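Here is the structure we will look at.
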Number of protein chains: 2
Amino acid sequence: MTTQTLTRNQGLVLDVLSHSEGPLSAYTILDKLRDSGFRAPLQVYRALDKLLEFGLVHRLESINAFVACAHPDEGCHAHGITAFTICETCGKVTEFHDHVIEDRLKSFAKDRNFKTGKTTIEIRGTCAGCA
Amino acid sequence: MTTQTLTRNQGLVLDVLSHSEGPLSAYTILDKLRDSGFRAPLQVYRALDKLLEFGLVHRLESINAFVACAHPDEGCHAHGITAFTICETCGKVTEFHDHVIEDRLKSFAKDRNFKTGKTTIEIRGTCAGCA
DNA sequence: CAATTGATGTAATAACATTACATTTCAATT
DNA sequence: AATTGAAATGTAATGTTATTACATCAATTG
């Protein structure tokens, strides 16, 4: 998956996220793209939906914000469950993948015949630099 | 922690959540408490804040909703990280605790000197009954 | 009983997200 | 090149979730 396959709006949104230090809300993205012609929230949300689908962006459920994937070239969907640490002081987000956690969650779900869709793992706290 | 220590508003909100089949949004709780004198969202949010603090209620970040704790008598905070399955069809929420996952997350955080605050683990999907 | 603290009431506003509908773009096929 | 169908876009309006600000009330305590 490369940037070339993206539409103009999708590319603009991904570009903003990729160059951002930390996660951004949809409305912050909108503001940053006013000069590029964006006028309405839906333009951002639609682009984000696609980028999420492509695995190029992640949504942080606990803070209603979005970040570019840390390794978009490999296709993040291939890495299984994505987990995050989110620094509440500086906003820094670190993405990680842990197969033990993933196996454990999968086995819990399987034991109960729960069909897993999307899984959210987010640790909010204070990063090393801000401690 | 018993219900007796709660204020009127806190007790009313907890009661609504305890008797609900599934998670409720703050505004749904508000509607259910209009007859009890609730008029504004803040009355709900304030009560929820305290109930969350007491470990009597959980917030489901991925669906912006709240559920009563499955074992409030023991004080849910004592159980460490709480994880959930959330059925997107019927709304049923199951709460669980897994020490392996918890240890794994803690060790990840410790390795990076990340000071853990609240951790969110939510699996959305389809429960056995709805499959 | 004054002072402090925590809880409450109310209105207004901010922040986040979706619905609805009209229009345009673009690639695949004719 | 014209047709056409799917995907993307533009725009306005609205719906949903959460917070700020400020006034008041109630319980505790020094």
Side-chain angles (χ1 to χ4, degrees), chain A residues 1-17 20 22-54 56-67 86 88 91 93 118 120 122 124, chain B residues 1 3-17 20 22-54 56-67 86 88 91 118 120 122 124:
Chain A
M1 174 65 64
T2 67
T3 302
Q4 300 169 8
T5 70
L6 301 178
T7 65
R8 169 176 161 83
N9 286 4
Q10 290 160 16
L12 287 167
V13 169
L14 180 57
D15 202 54
V16 165
L17 282 174
S20 168
L24 300 176
S25 75
Y27 278 74
T28 301
I29 295 170
L30 174 58
D31 286 341
K32 288 181 182 294
L33 289 175
R34 298 249 181 225
D35 292 345
S36 303
F38 274 45
R39 308 286 307 281
L42 196 49
Q43 294 175 293
V44 177
Y45 283 111
R46 284 202 277 228
L48 285 171
D49 282 347
K50 286 297 178 185
L51 294 170
L52 288 166
E53 185 183 321
F54 299 154
L56 297 174
V57 161
H58 299 290
R59 178 189 173 85
L60 302 172
E61 304 285 356
S62 64
I63 60 171
N64 295 327
F66 303 84
V67 281
I86 305 169
E88 291 176 320
V93 170
K118 188 172 180 257
T120 297
E122 297 174 15
R124 293 185 298 299
Chain B
M1 174 65 63
T3 304
Q4 300 170 8
T5 69
L6 301 178
T7 65
R8 170 179 161 81
N9 285 6
Q10 290 160 16
L12 287 168
V13 169
L14 181 57
D15 202 55
V16 165
L17 282 174
S20 168
L24 300 175
S25 76
Y27 278 75
T28 301
I29 295 169
L30 174 58
D31 286 340
K32 288 181 182 293
L33 289 175
R34 298 248 181 227
D35 292 345
S36 303
F38 274 45
R39 308 286 304 281
L42 196 49
Q43 295 175 291
V44 177
Y45 282 110
R46 285 202 276 227
L48 285 171
D49 282 347
K50 285 298 178 183
L51 294 170
L52 289 166
E53 186 183 321
F54 299 155
L56 297 174
V57 161
H58 299 290
R59 176 189 173 85
L60 302 173
E61 304 285 356
S62 65
I63 60 172
N64 294 326
F66 303 85
V67 283
I86 304 170
E88 291 176 320
K118 188 173 181 255
T120 296
E122 297 174 14
R124 294 183 298 300

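Here is the naming used below: chain letters follow the sequence lines, and residue numbers restart at 1 for every chain. Fair warning: this is a prediction, and the values are worked out from it, not measured in the lab.
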* Structure fact -> When B:Gln10 and B:Gly37 are each assigned the nearest nucleotide of DNA chain C, the 5'-most assignment goes to B:Gln10
* To do: Take A:Lys50 and A:Ala40, find for each the nucleotide of DNA chain D with the closest heavy atom, and name the residue whose nucleotide sits nearer the 5' end.
  => A:Lys50
* Structure fact -> Here the distance between atom C1' of C:dT25 and atom CG of A:Leu6, to the nearest Å, is 16 Å
* Within the pair A:Thr7 and C:dT25, is there a side-chain N or O less than 4.0 Å away from OP1 or OP2? -> no
* Whole angstrom is fine here: how far is it from CZ in A:Arg8 over to C1' in C:dC26? => 16 Å
* Asked: For A:Arg39 and D:dA8, what is the distance between atoms CZ and P respectively, to the nearest whole Å?
  -> 22 Å
* Asked: Side chains of A:Gln43 and A:Leu33: does their closest heavy-atom pair fall under 4.5 Å?
  -> no
* Structure fact -> Which of B:Val67, B:Leu24, B:Leu56 passes side chain to side chain contact (heavy atoms under 4.5 Å, CB included) with B:Leu17? It is B:Leu24
* Structure fact -> Tightest non-hydrogen contact, residues A:Ala40 and A:Leu30, listed as O-CD1, 3.7 Å
* Which whole-number value in Å describes the distance from A:Leu12 CG to D:dA8 C1'? -> 14 Å
* To do: Find out whether B:Phe66 and B:Leu52 are in side-chain contact, i.e. whether some heavy atom of one side chain is under 4.5 Å from a heavy atom of the other.
  => yes
* Asked: OP1 or OP2 of C:dG9 sitting under 4.0 Å from any side-chain N/O of B:Gln43?
  -> yes
* Cationic N near anionic O, under 4.0 Å, A:Arg34 to A:Asp31 -> yes
Below 3.5 Å is the cut-off: list the nitrogen or oxygen pairs between protein and nucleotides 12-22 of chain C, distance only.
from   : atom 1 : to      : atom 2 : distance (Å)
C:dA17 : OP1    : A:Arg59 : NH1    : 3.2
C:dA17 : OP1    : A:Arg59 : NH2    : 2.2
C:dA17 : OP2    : A:Tyr45 : OH     : 3.0
C:dA17 : O5'    : A:Tyr45 : OH     : 3.3
C:dA17 : N7     : A:Tyr27 : OH     : 2.7
C:dA17 : N6     : A:Tyr27 : OH     : 3.2

* Rounded interatomic separation in angstrom, taking CG from B:Leu30 and P from C:dT10 -> 12 Å
* To do: Please report the closest heavy-atom contact between B:Thr120 and B:Glu122, naming both atoms and the distance.
  => CG2-OE2, 3.4 Å
* Atom CG of B:Asn9 to atom P of D:dC25: distance rounded to whole Å? -> 16 Å
